[in-house]
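Report on the following structure.
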Number of protein chains: 2
Amino acid sequence: MTAATSGKRRQGPRKGDLREKAILDAAEELLGREGVELMTVESIAKGAGISRASLYFYFGSKLEVLTALVGRTVDALAAQAEVAEAADESVEDVVRASVRHTANSWREHGLVMRAAVDLTPVTPAIRGLWTGTVNRYAAAMTEVLARAGVPDPAVAEALCWMTERTFYWASVNGDDLDRTADICAQIWCATIRGNN
Amino acid sequence: MTAATSGKRRQGPRKGDLREKAILDAAEELLGREGVELMTVESIAKGAGISRASLYFYFGSKLEVLTALVGRTVDALAAQAEVAEAADESVEDVVRASVRHTANSWREHGLVMRAAVDLTPVTPAIRGLWTGTVNRYAAAMTEVLARAGVPDPAVAEALCWMTERTFYWASVNGDDLDRTADICAQIWCATIRGNN
DNA sequence: GATAAAACTCGACACCGCGTCGATTGTGAT
DNA sequence: ATCACAATCGACGCGGTGTCGAGTTTTATC
């Protein structure tokens with residue numbers, strides 16, 4: 001899933017796997033320090049302790065590095081998501097818990113998630129990773145909403161994109177994510193109630 | 001409002017104003033044909049019938065051209081928005097009318113509006129134009145929602161961003177905008193009802 | 001522990017798009 | 001006619017990109 005390789009390498013727990021991780025770590029660090037635009041193949045390579053030409057052995061471009069970085073984070077998100085099953089509370093409680101969980105994801109991975117949103121228009125690969133993640137979330141919420149008498153998947157989808165954008169801006173502006181979560185949850189719940 | 005000038009020119013209905021419009025038109029055409037990434041100062045200049053160096057007389061960079069283009073469209077949006085006052089119908093009718101109006105905006109100006117969204121992370125100037133537009137809309141809707149017993153501006157804001165993103169994706173994917181409008185309006189109205 | 005095939009590294013190169021400068025031509029006012 | 005300013009362009013240097021081929025290091029095999 002993480003792979004976005006048009007670099008020449010392929011498989012095995014070789015030495016270069018450490019380099020690969022080092023490159024991703026360097027990219028993430030740069031992301032926080034300079035932002036996507038300023039980041040250059042040169043600076044990533046320097047951060048990883050290799051030459052520019054060597055980086056091209058691992059990744060075909062800056063965008064491929066970023067794609068792999070987003071893939072890594074998206075995988076982490078998916079791993080945490082599976083925890084949030086079980087426990088059949090009221091529908092509204094499930095919704096509130098889900099939104100709070102989303103807030104935590106943005107707290108922990110905001111840097112890369114913001115980059116994922118920013119780069120969605122730029123690369124089909126990242127667009128796929130991000131919309132895939134959101135759609136998986138939307139599919140899960142469609143189930144929940146269906147149990148509350150709101151069967152149309154498009155409603156859950158729209159609310160998911162609301163949640164995404166709202167947290168994105170809150171994350172960019174440094175707003176309080178708890179407050180953001182409350183607002184989103186309020187709208188989710190009101191939508192359920194108002195659709196009876 | 002449209003101005004984003006660090007090019008050397010300043011004012012007056014001179015001959016070069018035609019060029020300026022020609023440049024914006026060329027950029028808009030290129031936007032549809034090749035997309036933001038492929039578009040180059042060279043190609044814009046060629047489209048406008050001038051040399052690359054001459055374009056720099058009017059605009060300081062490709063991004064400034066795009067900013068002016070977005071500004072032009074955003075102004076058009078604002079102009080159309082003022083029409084939608086008067087006529088005191090029910091709150092839900094106002095909401096539905098507003099969403100339908102938004103759908104028409106995306107139908108008519110989808111190309112540049114998509115670009116505005118895509119470039120929002122890239123330029124503070126475009127970010128300002130776009131968030132300004134959305135926030136103006138949100139402020140108006142806050143009034144409407146307040147009349148329905150939902151005074152918190154953050155709710156209208158979140159719903160506006162939902163509307164923005166949902167139409168954005170629908171526009172990108174070529175989905176039916178009427179259907180999208182229905183879904184959005186449904187959520188707006190349900191939120192009002194559910195918040196009683 | 002020799003050796004051959006890989007995995008890996010890097011300097012050097014050509015390319016492309018950007019932004020600037022200075023020199024030149026067009027245009028309108030007086 | 002001339003003067004100031006609007007507009008145009010060729011040519012330059014710069015910085016980032018991606019590739020190539022020649023090296024070095026690692027790993028598997030005997």
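Here is how names work: the chains are called A, B, and so on, in the same order as the sequence lines, proteins then strands, and each is numbered from 1. Computation of the quantities below employed the complete heavy-atom set of this structure, encompassing side-chain atoms and omitting hydrogens, waters and symmetry-equivalent molecules.
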Whole angstroms only, please: what is the [atom1]-[atom2] distance between [X] and [N]?
{"X": "B:Glu34", "N": "C:dG17", "atom1": "CD", "atom2": "C1'", "value": "14 Å"}
{"X": "A:Tyr56", "N": "C:dC13", "atom1": "OH", "atom2": "C1'", "value": "14 Å"}
{"X": "B:Glu64", "N": "C:dC18", "atom1": "CD", "atom2": "C1'", "value": "14 Å"}
{"X": "B:Phe57", "N": "C:dT25", "atom1": "CZ", "atom2": "C1'", "value": "13 Å"}
{"X": "B:Leu18", "N": "D:dA6", "atom1": "CG", "atom2": "P", "value": "16 Å"}
{"X": "B:Phe59", "N": "C:dC18", "atom1": "CZ", "atom2": "C1'", "value": "17 Å"}
{"X": "A:Lys62", "N": "D:dG15", "atom1": "NZ", "atom2": "C1'", "value": "13 Å"}
{"X": "A:Leu55", "N": "D:dT19", "atom1": "CG", "atom2": "C1'", "value": "14 Å"}

Checklist entry - Under 3.5 Å, is there an N or O donor on one side and an acceptor on the other linking the side chain of B:Arg52 and the base of C:dG19? => result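 Such a pair exists between side chain and base.
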
What distance separates [X] [atom1] from [Y] [atom2], expressed to the nearest 0.5 Å?
{"X": "A:Arg72", "Y": "A:Leu129", "atom1": "CZ", "atom2": "CG", "value": "13.5 Å"}
{"X": "B:Leu159", "Y": "A:Leu159", "atom1": "CG", "atom2": "CG", "value": "8.5 Å"}
{"X": "B:Leu31", "Y": "B:Glu28", "atom1": "CG", "atom2": "CD", "value": "7.0 Å"}

Next on the checklist: Is the ring pair B:Trp106/B:Tyr168 parallel, tilted or perpendicular, if the boundaries are 30 and 60 degrees?
Outcome noted: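 Rings of B:Trp106 and B:Tyr168: perpendicular, over 60°.
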
Between [N] and [X], is there an OP1 or OP2 to side-chain N/O distance shorter than 4.0 Å?
{"X": "B:Thr40", "N": "C:dC18", "answer": "yes"}
{"X": "A:Ser54", "N": "C:dC10", "answer": "yes"}
{"X": "A:Ser51", "N": "C:dG11", "answer": "no"}
{"X": "B:Arg19", "N": "D:dA6", "answer": "no"}

Next on the checklist: Under 3.5 Å, is there a donor on one side chain and an acceptor on the other for A:Tyr137 and A:Thr102?
Outcome noted: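 Side chains of A:Tyr137 and A:Thr102: pair found under 3.5 Å.
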
Next on the checklist: Please list, in numerical order, the residues of residues 41-49 of chain A that have a heavy atom closer than 4.0 Å to any atom of DNA chain D.
Outcome noted: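 Those residues are A:Val41.
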
Next on the checklist: Strictly below 4.0 Å, N to O, side chains only: are A:Arg96 and A:Glu92 in salt-bridge contact?
Outcome noted: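 Salt bridge: yes.
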
Checklist entry - Which nucleotide sits closest to the side chain of B:Ala53: D:dG10, D:dA7, C:dA7? => result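 Output: D:dG10.
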
Checklist entry - Only one of A:Asp75, A:Thr73, A:Val74 forms a side chain to side chain contact (heavy atoms under 4.5 Å, CB included) with A:Thr133, so which one is it? => result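 The single option meeting the side chain to side chain contact (heavy atoms under 4.5 Å, CB included) with A:Thr133 is A:Val74.
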
